[in-house]
Amino acid sequence: MIVIALKKRQVLLALFLFLSLAVQAQVATTAATCTAIGELEKAKIKRVVDGDTIHLVDGRKIRLVGLDTPELDHKKGNHEPYAVAATDFLRSRLDQFVYIQTAKNERDRYGRYLYYLFDKDRISLTSQLLSEGLGYRIAVPPNLAYQDCFEAAETAARNAHKGLWQQNLQWQPKAGFAISRVNITSITRNRGGWWLETDQDLVINLPPYVTDYWPAQKVFYLEGKEIEVRGWQHQRKSRYSDFKSWVLSVRHPNDLLEIKASVKH
């Protein structure tokens, strides 16, 4: 009788562990995908341009909100790593139609419409690309809807070392979107916002129109810290020797974070 009781206890324990793991897996999957909240518009697709851009048959050119995917070189074919994979993945998730949702700021400087895109099941395409490691999350106010969900999707890919997360984050002097790890050496503020000097040929700018997100104490705390920063990088026109050659603009605290010792890898 004692042996039978022990066996029953072992079976029940195994069943409990199995169900717990199943629930945890379901929670992780739910956290890594974003279901649409609010009204959606159904639109017909003309073509997928790359991992974060599509054209509609009505002439609208759409840029997905919340991420940046690697660039395709349409002229010479010198594509960035995972650019083709991101484009193919987006194309595979779309049929003739897509569901779109307008962002607060509806246009970018190139005239493209800034929309959140969803597949036939109302699941965010940004979150799907992020969960596969085929793009980097980005926060550009005021278009901050679904940020928590996008962060969870990216974290899942990062922890699994998927796609782009197999690459190192060493700073590189090149124009366009960049994500890097650098050390902050000094901090100043003027009419151009906050300027965070780094140990590379790079200065990080927090523009004046987003300084409400950056209390002085929070900014000065970063001096001497190793941080992970992401945003669009450009080379300065001024070539004075006292200035860093490259500037990276950051618009939201989600995109400039201190690196804790426990998460270094």
Side-chain angles (χ1 to χ4, degrees), residues 34 51-53 62-71 101-117 124 126-127 129-130 135-155 158 164 169 171-184 186-198 200 202-223 225-237 243-259:
C34 309
D52 56 33
T53 308
I62 294 177
R63 174 67 162 78
L64 277 73
V65 176
L67 90 161
D68 188 86
T69 60
E71 296 293 329
Q101 189 175 71
T102 305
K104 287 186 176 180
N105 186 0
E106 193 177 4
R107 298 279 193 108
D108 67 9
R109 60 177 179 164
Y110 303 108
R112 296 176 298 187
Y113 288 87
L114 299 172
Y115 290 161
Y116 300 97
L117 268 59
S124 161
T126 292
S127 71
L129 284 157
L130 290 171
Y136 292 116
R137 181 201 53 75
I138 190 74
V140 181
N143 298 340
L144 301 174
Y146 305 101
Q147 268 290 309
D148 290 345
C149 194
F150 292 165
E151 187 174 354
E154 182 181 77
T155 298
R158 188 171 197 160
L164 292 164
L169 300 182
W171 179 77
Q172 297 180 34
K174 66 175 186 176
F177 183 85
I179 176 169
S180 307
R181 290 185 171 185
V182 294
N183 292 287
I184 304 300
S186 65
I187 298 172
T188 57
R189 185 177 185 179
N190 58 27
R191 289 181 299 175
W194 291 100
W195 300 90
L196 286 63
E197 300 283 340
T198 75
Q200 304 293 331
L202 172 74
V203 62
I204 298 166
N205 175 232
L206 314 180
Y209 58 87
V210 296
T211 52
D212 287 348
Y213 289 107
W214 307 94
Q217 183 179 7
K218 185 175 183 178
V219 178
F220 282 120
Y221 168 81
L222 294 171
E223 186 168 353
K225 301 292 194 301
E226 183 183 10
I227 58 100
E228 182 176 289
V229 61
R230 62 182 73 189
W232 280 271
Q233 188 169 270
H234 68 273
Q235 191 169 22
R236 270 182 168 154
K237 294 179 181 179
F243 293 158
K244 301 284 188 178
S245 300
W246 292 87
V247 179
L248 189 152
S249 295
V250 179
R251 296 169 176 80
H252 193 273
N254 282 3
D255 296 342
L256 196 162
L257 301 171
E258 179 188 2
I259 297 175

Intermediate values then yes/no, side chain to side chain contact (heavy atoms under 4.5 Å, CB included), T102 and Y115: CA-CA 5 Å; T102 305; Y115 290 161; 3.7 Å; yes

Atom pair [atom1] ([X]) and [atom2] ([Y]), whose distance is rounded to the nearest 0.5 Å:
X    : Y    : atom1 : atom2 : result
T198 : N183 : OG1   : CG    : 8.5 Å
T53  : D108 : OG1   : CG    : 8.5 Å
D68  : R137 : CG    : CZ    : 12.0 Å
L222 : S186 : CG    : OG    : 12.5 Å
Q235 : S245 : CD    : OG    : 6.0 Å
T69  : L64  : OG1   : CG    : 8.0 Å

Any pair counted as salt bridge (charged side-chain N to carboxylate O under 4.0 Å, His left out), so long as it reaches residues 188-198, sequence neighbours left out: none

Any non-hydrogen side-chain atom of [X] less than 4.5 Å from a side-chain atom of [Y]?
X    : Y    : answer
V219 : L196 : yes
F150 : L67  : no
V247 : H234 : yes

Would you call the rings of W171 and W246 parallel, tilted or perpendicular if under 30° counts as parallel and over 60° as perpendicular? perpendicular

Residues two or more places apart in sequence or in another chain: which of them pass side chain to side chain contact (heavy atoms under 4.5 Å, CB included) with Y221? K225, E258, K260

Apply side-chain hydrogen bond (donor to acceptor under 3.5 Å, both in side chains) to residues R251 and Y213 and explain how you reach the verdict. CA-CA 8 Å; R251 296 169 176 80; Y213 289 107; over 6 Å; no

Taking [X] for the side chain and [Y] for the main chain, is one N or O donor matched with an acceptor at less than 3.5 Å?
X    : Y    : answer
N143 : K104 : yes
Y116 : A145 : yes
Q233 : Q172 : yes
D255 : G231 : no
Q147 : I138 : yes

Minimum heavy-atom separation for [X] and [Y], please, with both atom names.
X    : Y    : value
C34  : S127 : N-OG, 3.2 Å
E228 : I259 : N-CG1, 3.7 Å
P142 : N105 : CD-CB, 3.9 Å
W214 : P253 : CH2-CA, 3.3 Å
R230 : F177 : CB-CZ, 4.0 Å
I204 : V182 : CD1-CG2, 4.3 Å

Cation-pi between R63 and Y110: NZ/CZ under 6.0 Å from ring centre and within 45° of the ring axis? no

With salt bridge (Lys or Arg N to Asp or Glu O under 4.0 Å) as the test, would you mind laying out the steps for E71 and K174 before giving the verdict? CA-CA 13 Å; E71 296 293 329; K174 66 175 186 176; over 6 Å; no

With sequence neighbours excluded, what pairs up with W194 under the ring-ring contact (aromatic ring centres under 6.0 Å, His included) test? F220

Report the C-alpha distance between N254 and E151 in whole Å, list the side-chain angles of each, state the deciding distance to 0.1 Å, and finish with yes or no for side-chain hydrogen bond (donor to acceptor under 3.5 Å, both in side chains). CA-CA 9 Å; N254 282 3; E151 187 174 354; 4.6 Å; no

Against V65, only a single residue in L144, D52, T126, L114 fulfils side-chain contact (heavy atoms from CB on, under 4.5 Å); can you say which? L114

Side chain to side chain contact (heavy atoms under 4.5 Å, CB included) between Y136 and L164: does it pass, once the steps are laid out? CA-CA 8 Å; Y136 292 116; L164 292 164; 3.5 Å; yes

